[in-house]
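Below, chains carry the letters A, B, ... as their sequence lines are ordered, and counting in each starts from 1.
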Amino acid sequence: MHDILPDKQHYWKHIQKKSSQILEDYGFDKIDLPIVENTGLFVRAVGEATDVVEKEMYSFKTKGGDELSLRPELTANTLRAYLEHGMQVMPHPVRLWSYGPVFRHDNPQAGRYRQFHQLNVESIGDQDAVVDAEMIFMAHKVLEAIGLKRMIVKINSIGDDSCRPQYIKALKDHYRNKVKKICNKCKDRLKTNPLRVLDCVEANCVDAAKDAPQMVDYLDSDCKKHFKSVLEFLDEVGVPYLLDPHLVRGLDYYTKTVFEFVQEEEEKKEEEQQQKEIKEEVVAEEGEGKAEGDAVKEKVDEPEEKQKHPQLAVISGGRYDKLVALLGGPATPAIGWAMGVERAVMLLERNKANIPDYKTNPKIFLAQLSEMGRRKGLVLFEEMRKSSIPVKTSFGRDSIKSQLRIADRLGSLYTLIIGQKEALEGTVILREMSTGVQETIPMEKIVDTVKKRLKK
RNA sequence: GUGGCUGUAGCUUAGCGGCAAAGCACCGCUCUGUGGCAGCGGGGAUCAUGGGUUCGAAUCCCAUCAGCCACCCCA
C-alpha cells in the first residue's frame with residue numbers, strides 16, 4: 001500500500017481526465033461500486049480455482065457471520081449492480097465504467113501493489129465482433145490520449161464451451177507422453193486449469209508447449225469467424241496487434257477474445273545513455289578509496305540487470321459471454337477491460353512523458369502584519385479568490401521576515417503586504433519578488449493591478 | 001504461495017549489545033515592518049509493530065506489517 005503524494009497527483013488527474021473524456025464520448029456511463037462485497041460473488045464470477053480467489057483476496061467474516069471480501073477486480077461488482085438494479089430492461093448495450101481501488105494480497109514489487117486502482121469498462125449485451133474491436137480500439141485511444149507510446153495489443157481467442165473442451169482434450173493428449181518432463185505445477189494445472197500450462201516459463205514446459213496444439217486451430221466455425229472479424233476490424237481501424245496463441249487469462253470467466261496491452265521495449269539508445277551516466281558517476285566516486293574496487297565493479301554490473309523491465313500489462317480484458325448467466329441473469333454476452341492505473345503512471349514516469357501540470361501554482365503571496373492587517377488580509381484573500389487568482393498566505397505567522405521567506409520558497413512572483421499603516425490608509429504594498437521593487441496601491445485597485453501584472 | 005533484501009527525525013543515511021547521531025529540511029535569533037547569503041541557537045525519533053534472549057536490545061532471535069528484487073500470478 002502506498003500513498004499518492006501531491007507531487008504525483010498530476011499523473012492521476014491527467015489519466016482520469018483523459019480517460020473519462022473518451023469513455024463518455026463512447027457513450028459509457030459512470031458507476032461507483034462498493035469496495036466490500038460478498039465473497040461468494042467473486043468466487044463465482046472470477047472462478048474458484050484462480051489464484052486471485054484462492055490466495056489473493058482479503059476476506060473476512062462480519063460479526064453477523066457474513067463472508068465478505070475487499071473487491072479484487074471490478075467486473076463482478078459491475079455485473080452484480082447491473083442485475084440488482086434491473087438494467088436488463090434498459091436498451092442494450094449497457095455500457096458502464098468505474099474507477100477505484102481494488103485489493104489483492106500478493107507479494108508486492110514494482111508495478112504491483114496490494115491496493116491498486118483500476119479503470120474498468122464493460123459493454124453488456126452485444127455479441128458482435130465489431131464490439132470486441134471497438135473496445136480494443138477505445139483502449140488504444142485511451143492509452144494514446146494519456147500519452148503512452150509504443151503500445152501494442154496481444155490478442156488471442158480461447159473459444160467457448162462448444163469448442164474449448166475439444167481443445168483441452170487435444171492439449172491433454174499432447175501432454176500425455178510429456179507429463180514426466182513438465183514441472184509439478186503444470187502437472188496440477190493439467191487437471192485444474194489446463195490452458196495455464198501454455199504460459200509456464202519453466203524451460204521444459206516452454207519446450208513442451210512449443211509444438212502444442214493451438215486454440216485457433218480448434219475454434220468452431222462460430223468462434224473462428226468471430227475471431228477473424230475482430231482482427232479484420234482491428235486492421236481497418238489501424239490498431240497494431242500481435243497474435244499470441246499462448247495468451248491465456250487468469251480469470252475463469254473469459255470466452256472468445258482475450259487481449260492485453262503492453263509497451264514495446266524502449267529504444268536501445270536511451271538505455272545505453274543511462275548506463276553511460278551511471279558509469280561516469282561511479283568513476284567519479286572512485287578517487288575516494290581504492291579499497292572498494294569490488295564494490296565499484298558490482299555497481300557497474302547492476303544497471304544492466306535493472307534495465308530489463310518486465311512487460312507488464314497496462315490494460316487487459318476480454319469477452320465473457322457466460323458470466324451474466326452465471327451470476328443468475330439471462331444469457332447476455334458482454335466484454336470489458338481494466339486498466340491498472342499505477343502501471344500506467346509507472347510507464348509515464350519511465351517514459352519521462354510530458355504531463356501537463358494541473359496544479360494551480362499561486363504566483364501571489366499575501367503577507368500581513370498586526371491584528372488589523374490580518375483582518376484586512378482575510379478580506380483581500382477572499383477578493384482574490386473570487387477573481388480566481390490563486391493566493392498563498394501564512395496568516396498565523398507574525399514576522400514579515402518569515403512570511404517573505406516563505407513567499408520566496410514558494411516561488412511567488414509578487415507579495416502583497418498589508419500592515420497596520422496600510423490597513424489604516426486602505427492601501428496594499430505590491431512587492432515584486434525578483435527585483436524587490438515595491439509600490440503602494442489603493443485597496444480597491446489591487447485586484448485589477450495584480451491581474452494586469454500576471455498577464456505580462 | 002516460494003526464495004532473497006530492506007525498514008533509525010520530514011528526507012538521505014551513520015550507529016550493529018552499553019547515554020540515539022550527522023547532513024539536508026523545518027522553526028527562531030543576530031536583523032523590533034522586508035526574502036534569497038552567513039553565523040548562532042532550537043524543536044523534532046514509542047529506532048516499522050508485537051513478543052523473546054540479556055544485568056542491559058535500534059543492534060541478536062521469532063512473528064506480524066509494509067516496501068524492493070526474483071519466481072508464481074496478475075492490472
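The CD-P distance, from A/Gln115 to B/rA75, rounds to 17 Å in whole Å. Note: CZ (A/Arg112) to C1' (B/rG1) measures 12 Å, nearest angstrom. Put simply, CZ on A/Phe42 is 14 Å from P on B/rA75, counting in whole angstrom units. Atom CG of A/Leu404 and atom P of B/rC27 are 13 Å apart (whole Å). A/Gln118 has its CD atom 10 Å from the C1' atom of B/rC74, to the nearest Å. Distance, A/Leu70 CG to B/rA75 C1': 17 Å, rounded to whole Å. Atom P of nucleotide B/rA70 and atom CG of A/Leu312 are separated by 10 Å, given to the nearest angstrom. For A/Ile417 and B/rG35, the CD1 to C1' distance is 10 Å, given to the nearest whole Å.
Nearest to the side chain of A/Ala313, among B/rC68, B/rC69, B/rA75, sits B/rA75. With B/rG33, B/rC71, B/rA66 as the candidates, the nucleotide lying closest to the side chain of A/Gln420 is B/rG33.
Aromatic ring orientation, A/Tyr58 versus A/His105: perpendicular (interplanar angle above 60°, classes split at 30° and 60°).
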Checklist entry - Going through the distances and angles, do A/Glu122 and A/Thr75 end up as a side chain to side chain donor-acceptor pair (under 3.5 Å)? => result CA-CA 7 Å; A/Glu122 315 288 354; A/Thr75 298; 2.6 Å; yes
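Here NE2 of A/His117 is found 4.5 Å from CD1 of A/Ile4. Values are rounded to the nearest 0.5 Å. Atom-to-atom distance recorded for A/Trp12:CH2 and A/Ile355:CD1 is 13.0 Å, nearest 0.5 angstrom.
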Within the sub-3.5 Å range, which N or O atoms of nucleotides 37-42 of chain B have a protein N or O partner, and how far apart are they?
none

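Nucleotides B/rA9 and B/rG43 have their C1' atoms positioned 11 Å apart, rounded to a whole Å. B/rU8 and B/rG50 have their P atoms separated by 16 Å, with the value rounded to a whole Å.
Every side-chain hydrogen bond (donor to acceptor under 3.5 Å, both in side chains) that A/Arg95 has, sequence neighbours left out, goes to A/Ser123, A/Glu134.
Contacts of residues 427-450 of chain A with RNA chain B (heavy atom under 4.0 Å): A/Ile429, A/Arg431, A/Met433, A/Gly436, A/Gln438.
Looking at RNA chain B, the stems built from 3 or more consecutive Watson-Crick or G-U wobble pairs, each pair with its key distances under 3.5 Å, are B:1-7 with B:65-71, B:10-13 with B:21-24, B:26-30 with B:38-42, B:48-52 with B:60-64.
A/Arg405 has no side-chain polar atom (N or O) that falls below the 4.0 Å cut-off from OP1 or OP2 of B/rU34. Contact between the side-chain N/O atoms of A/Gln403 and the OP1/OP2 oxygens of B/rU34 is not found at any separation under 4.0 Å. A sub-4.0 Å separation between OP1 or OP2 of B/rG35 and a side-chain N or O of A/Tyr414 is absent.
For the side-chain hydrogen bond (donor to acceptor under 3.5 Å, both in side chains) condition, the pairs that include at least one residue of residues 21-32 of chain A, sequence neighbours left out, are A/Glu24-A/Trp97.
Contact annotation: side chain of A/Arg104 to base of B/rA75, donor-acceptor pair present below 3.5 Å. On a pure distance criterion of 3.5 Å, a polar donor-acceptor pair joins the side chain of A/Arg343 and the base of B/rC74.
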Name each donor-acceptor pair under 3.5 Å that joins a side chain in residues 135-147 of chain A to protein atoms two or more places apart or in another chain, with its distance.
residue	atom	partner	partner atom	Å
A/Lys141	NZ	A/Glu144	OE1	3.2

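Backbone-only engagement by A/Ser402 is indicated by non-hydrogen atom pairs under 4.0 Å involving sugar-phosphate atoms exclusively. A/Glu422 comes within contact range of at least one nucleobase, with a heavy-atom separation under 4.0 Å.
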